[in-house]
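As the structure is a computational prediction, the values presented were derived from the model and not from experiment. In what follows, chains are A, B, ... by sequence order, proteins preceding strands, each numbered from 1.
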Amino acid sequence: MGREKEKENPSQKALNLLRTRLSNPNFVFKPLSDSPDSNYSKLKFIISSSITEACNNSILLLGPRGSGKVAVLELVLSDLLQQYPEAISVIRLNGLLHGDDNCALKEIARQLCMEHQLLFSKVASFDDNSQFLIAMLRECGLAHKTIIFVLDEFDLFAQAKQRLLYSLLDAMQSVTSQAVVIGVSCRLDVDQLLEKRVRSRFSHRKLLFLPPSKEDTERFLEHILSLPKDSSLPHSYTVEFNGRLKNVLADERFKELINTYLSFNSTIGQLMRFLFQAVSYMDLDVGFLSLENFKTALSSTQRQPKSECIKDCSILELYLLVCMKRLEVKEQNSYNFNSVMTAEYKSIHDFQTSDNYAGNVCLRAFEHLLQRELISFTDNRGHNQSVEFRPVKLLISPAELYHGLKSYRSCPAILLKLIAR
Amino acid sequence: MAKVESPQVTRRTTRSYSASNDAIESTKPIEPYKPTLNDLGFRQQPLSFEDLLSCLPGRRTQVLELLRLLGPLNSPMFPILIYGGPSTGKTSVILQVFRHLNRPFVYSSCVTCYSPRILFESILNQLFHRKNSGNSYSSIKRCEKPSDFVNYLREALESVIKNLKGNSGKLSSKVSGQPNGTMIYLVFDHLERVRKWDKSSTILPFLFNLFDILKMPEVGLIFISNTSPDTYYFNMGYVEPIPLCFPDYTEDDLRQIFMANQTNRKLYSSFLDVVLRPFCRVTRRVDELSAVFSSLFKKYSQPLSDMGVAPNEDMKRRLFSHLQPHITSALNETFLSPSWPPLLKDEANGETKKKGSSRMSRIHEDFDKIDFHMSTSAKYLLISAFLASRNPATLDASLFDSTGVSDSRKRKRKPSEKSLEQKEMTELELLMKGPGTFPLERLLAIFQCITSLAEDSLDEEESHELTIEGGSSGLMSDVLLQLSSLCNANFIIKGGSCPLEGSTRYRTAVSEDLALKVARSLKFPLSKYLYRR
């Protein structure tokens with residue numbers, strides 16, 4: 001506690017600032033908004049034109065997770081709310097929460113009531129709520145107020161009967177209403193999931209969110225990591241921090257490192273996650289970001305969970321794994337604990353006895369393996385069968401097992417010999 | 001986790017540590033106590049950094065990395081997923097780190113909160129109840145759906161954070177017990193359990209996306225799981241939380257853990273020299289090892305009259321030779337699988353007996369007997385059930401009509417190449433299938449056969465008189481009663497009905513050792529009737 005109270009040193013403040021920035025998507029996506037052909041400008045144009053022209057509209061925002069669909073949308077909405085404070089009301093739904101039609105309509109009613117200071121009834125039925133929604137759409141249309149429905153995880157709304165989508169889009173067919181439906185999804189084929197009656201009422205306007213280009217990435221890094229000139233931080237510190245950062249960013253090794261990372265995680269969200277890790281590795285005593293920080297962050301993202309698991313195994317568990325692998329090599333299509341024990345384990349220990357344990361000890365090790373999810377039952381049937389008899393399969397490839405054994409600290413030689421064959 | 005690790009806690013920590021663990025649990029149920037914001041913190045004297053590291057031996061790198069990811073006071077964080085095998089100190093590290101930082105957090109374990117509703121309500125209760133003493137949120141908020149939960153949670157978090165901000169603003173002077181900062185952390189323990197829940201396909205993506213749904217930078221999410229992140233893949237996808245791996249303890253770590261809080265360190269260290277290595281080849285889990293070691297250490301120090309003595313080389317050797325016979329037996333006895341019914345415990349001991357040397361046989365003598373009571377007819381019934389599930393039904397007639405004749409004839413046949421192969425196949429099949437099922441009629445027929453045989457051979461024993469010849473109807477009802485009690489004891493499992501015959505089929509889970517033992521107690525020649533392929 002005492003340590004944390006005396007936090008007047010600038011490096012801690014800088015760290016706090018960086019972490020706050022990274023977890024604030026509005027800040028991260030701000031620089032994207034200036035160019036005219038960015039998604040931000042397109043989206044803003046579409047929504048604002050449907051507000052000013054008082055018409056209905058619908059649009060899909062598609063792109064992988066973490067590509068900033070919701071963040072850009074939120075930026076647009078907050079701008080528009082400032083521009084036309086009286087003419088918009090936003091209803092936000094999430095497919096994870098409101099995938100069920102009943103629940104979604106209830107939530108719409110609740111948010112509409114909150115927005116317009118009406119009394120919300122919890123016990124209202126589906127019909128009541130949908131009538132209320134249609135009435136509200138008409139009223140808002142008459143008052144020239146646009147209702148914007150944001151449907152996050154749009155694919156989950158398109159799963160069951162799509163009653164919500166139908167009633168929403170159907171209500172928008174009338175002239176009096178004035179609403180915009182914005183679907184956000186990671187599935188690029190989401191419009192194929194829609195029923196015919198829904199699809200025909202949906203305008204097929206789509207905005208694709210692509211991973212950032214190399215130049216954009218560089219601009220991002222600079223924008224996020226450099227400290228502002230006009231903050232409470234001491235000026236000399238800011239200058240030195242930014243200078244060192246520039247050196248790091250210009251370094252060839254750093255560029256290579258970022259390219260390695262982006263080659264398998266290309267979205268901005270994942271880049272932010274990487275930067276967050278790098279920033280939290282920053283040494284507070286030094287107070288500046290270094291190349292080392294990024295290196296450790298990269299190595300901690302490149303984990304190999306299976307070989308970690310192998311390292312945690314005890315010797316006996318390794319024996320069992322090798323036995324199972326040998327059974328798989330023999331093309332025995334299904335096996336269980338008993339067949340592993342009689343066919344392989346016993347035969348290994350015919351000539352080598354130091355690790356020969358009784359059946360129940362092995363069974364316990366076998367259960368550990370199940371717990372570690374290195375092996376699993378092949379089917380969910382036969383719950384009344386005991387563990388020994390249920391067929392299992394390996395969840396680790398022979399190559400992974402081989403490398404795991406090789407890097408194991410004190411692996412018995414016989415195991416290596418058995419697996420190499 | 002608290003339950004799993006309890007032996008470890010008492011072993012290696014001071015009283016204040018274990019008290020702190022109790023404190024979290026005990027604050028929940030106390031109703032009349034007026035909860036305040038302070039309850040979200042630890043309410044104990046915060047640990048210093050050195051104490052934190054010393055009370056968690058072998059976890060230094062993990063603690064440091066966790067502290068880095070949590071960051072300095074009031075800094076937002078990305079969600080973290082902490083993973084590692086059971087009893088690697090995940091929960092303890094989190095709780096102790098929060099005690100050290102003295103920041104507000106909400107802990108909920110998916111073991112005790114075994115359904116979404118209970119999980120949601122437990123989190124909300126912890127948040128709401130501590131809102132402020134004046135508030136009257138005495139009744140539990142009923143909340144089943146994730147959508148309701150998010151609404152309530154947002155409301156609760158907003159008020160808590162507002163309070164925290166107010167407190168940190170006006171309390172420039174330090175008041176002990178006040179949690180630090182304006183961040184609030186939600187800890188979800190045992191996340192792997194959620195995968196087994198009914199609605200896991202919606203709840204898990206929801207939990208992983210909670211950070212994005214809430215959009216509140218003041219909330220930190222920490223997930224704790226037994227299994228690695230790659231076991232959580234869905235077709236739905238989510239932005240992965242930052243993984244933090246807790247590997248199993250190494251042998252040196254284990255030594256440190258077990259050495260803590262020992263009264264006679266020298267003696268215990270010589271004890272660990274003997275036992276740690278062989279046991280580590282089997283398991284490195286602290287909870288299992290501590291159970292074995294506590295009983296083994298008693299045996300180890302048995303010959304010593306004075307517990308405070310520091311052992312010299314000679315004494316070590318003597319103690320070692322005293323302990324040695326116990327090591328292998330302890331290895332085989334103590335790792336009893338939890339999935340076995342407790343009645344079958346002696347079966348495991350029987351196995352150790354088989355490979356026990358003459359020196360060890362003394363220890364195991366008493367295991368030869370069955371340590372539970374069973375009536376004679378129940379024993380016969382069990383044996384016949386065992387025979388019915390092991391032997392193929394087609395051989396019943398030849399086995400029980402003329403004892404063992406067909407068996408000997410079979411053996412004379414010369415095994416050809418093809419039959420050997422076939423034999424192998426059937427053997428494998430038997431191993432795969434496990435014990436077979438049988439209808440009730442077959443069980444009763446075998447039962448009658450073997451009881452009548454036993455009557456003939458053992459008629460000198462009056463006590464074993466089974467009234468077969470006298471009125472079979474009376475016997476039948478009695479046998480059925482026995483059968484149902486055997487079913488209840490999990491010796492015989494009632495399977496699904498056969499689709500063709502429509503009658504219920506049975507199966508027995510009894511292992512061969514137990515069956516042999518039961519047969520021995522009846523002096524029944526079981527092996528004669530057992531068909532070997």
Side-chain angles (χ1 to χ4, degrees), chain A residues 1 3-5 7 12 15-16 19-20 23-24 65-66 70 94 96-99 103 107 186 269-270 273 276-277 280-281 284 303 305-306 308-309 311-312 314-316 332 334-336 338-339 342-343 355 357-361 363-365 367-368 371-373 384-389 391, chain B residues 46 49 68-69 71-78 84-86 101-102 145-147 150 174 180 202 205-206 209 212-213 217 226-231 237-240 242-243 245 247-248 280-285 331-332 335-337 339-340 348 351-352 355 428 431-434 493 495 509:
Chain A
M1 216 154 80
R3 252 165 31 92
E4 287 183 327
K5 283 283 170 193
K7 54 144 187 175
Q12 196 154 350
L15 179 58
N16 253 348
R19 287 172 65 119
T20 315
S23 55
N24 177 6
R65 218 167 268 280
V70 178
N94 190 318
L96 277 173
L97 307 179
H98 315 109
C103 178
E107 180 68 16
C186 326
Q270 268 155 337
R273 187 169 150 253
F276 175 83
Q277 270 177 294
S280 32
Y281 281 121
L284 282 180
R303 285 180 187 279
K306 290 288 182 206
E308 269 170 12
C309 258
K311 247 176 227 149
D312 282 350
S314 66
I315 306 259
L316 176 57
Q332 190 168 326
S334 78
Y335 48 87
N336 59 14
N338 274 359
S339 58
T342 47
D355 284 312
Y357 299 103
N360 55 331
V361 180
L363 185 59
R364 189 59 174 262
E367 281 173 352
H368 284 183
Q371 235 170 36
R372 290 183 204 280
E373 314 226 344
N384 53 358
Q385 279 269 39
S386 51
V387 179
E388 304 103 290
F389 292 113
Chain B
F49 185 63
R68 266 196 218 109
L69 289 174
L73 200 61
N74 297 343
S75 70
M77 61 174 267
F78 279 46
L101 294 172
N102 194 20
K145 288 178 183 155
S147 55
V150 166
K174 252 189 276 175
N180 282 331
T202 57
F206 163 68
N209 283 313
D212 292 330
I213 291 171
N226 266 347
T227 53
S228 63
D230 62 328
T231 55
Y238 55 90
V239 175
E240 269 179 66
I242 295 174
C245 174
D248 274 16
C280 273
R281 287 180 86 86
V282 177
T283 179
R284 295 210 304 263
R285 279 170 57 166
L331 254 181
N332 293 337
F335 297 122
L336 278 178
S337 288
S339 66
W340 293 7
E351 263 171 59
T352 61
K355 55 185 294 235
L428 270 176
L431 281 173
M432 286 305 298
K433 264 202 314 217
I493 300 162

(request) Specify which of B:Thr227, B:Asp212, B:Thr202, B:Leu69 makes the most heavy-atom pairs with chain A at under 4.5 Å. (result) B:Leu69
(message) Tell me which of these, B:Pro217, B:Gly84, B:Pro229, B:Pro247, has more heavy-atom pairs under 4.5 Å with chain A than the rest.
(response) B:Pro247
Measure the shortest side-chain to side-chain distance between [X] and [Y] over non-hydrogen atoms and say whether it is less than 4.5 angstrom.
X	Y	result
A:Leu96	B:Ile213	yes
B:Phe78	A:Arg19	no
A:Lys306	B:Asp230	yes
B:Ile242	A:Gln277	yes
B:Pro72	A:Leu15	yes
B:Asn209	A:Arg65	yes

(message) Is B:Ser228 in contact with chain A via its backbone, its side chain, both, or neither, using a 4.5 Å heavy-atom distance?
(response) side chain
(request) Say whether, by atom type as modelled, one donor and one acceptor occur between the side chain of A:Arg273 and the main chain of B:Glu240 under 3.5 angstrom. (result) yes
Return the [atom1] to [atom2] distance between [X] and [Y], rounded to the nearest 0.5 Å.
X	Y	atom1	atom2	result
B:Cys280	A:Ile315	SG	CD1	9.5 Å
A:Thr20	B:Asn74	OG1	CG	9.0 Å
B:Leu73	A:Asn16	CG	CG	7.5 Å
B:Ser75	A:Gln12	OG	CD	8.5 Å
B:Ser147	A:Glu107	OG	CD	6.5 Å

(message) Between B:Lys145 and A:Cys103, is the side chain to side chain contact (heavy atoms under 4.5 Å, CB included) condition met? List the steps.
(response) CA-CA 9 Å; B:Lys145 288 178 183 155; A:Cys103 178; 4.2 Å; yes
(message) I'd like to know whether B:Arg281 forms a side chain to side chain contact (heavy atoms under 4.5 Å, CB included) with A:Leu316, so could you lay out the CA-CA distance, the side-chain angles of the two residues, the decisive distance to 0.1 Å, and finally the verdict.
(response) CA-CA 6 Å; B:Arg281 287 180 86 86; A:Leu316 176 57; over 6 Å; no
(request) Run the salt-bridge test on A:Arg372 and B:Asp248 with the 4.0 Å N-O cut-off and return the result as yes or no. (result) yes
(request) Show your working on side chain to side chain contact (heavy atoms under 4.5 Å, CB included) between B:Val282 and A:Val361 and close with a plain yes or no. (result) CA-CA 8 Å; B:Val282 177; A:Val361 180; 3.6 Å; yes
(message) Show, in sequence, the C-alpha distance, side-chain angles and deciding distance for B:Arg68 and A:Leu284, and conclude whether the side chain to side chain contact (heavy atoms under 4.5 Å, CB included) test is met.
(response) CA-CA 10 Å; B:Arg68 266 196 218 109; A:Leu284 282 180; over 6 Å; no
(message) Does any backbone or side-chain atom of A:Gln371 lie under 4.5 Å from a heavy atom of chain B? Answer side chain, backbone, both or neither.
(response) both
(message) Heavy-atom pairs under 4.5 Å with chain B: which of A:Ala365, A:Ser23, A:Ser314 has the most?
(response) A:Ser314
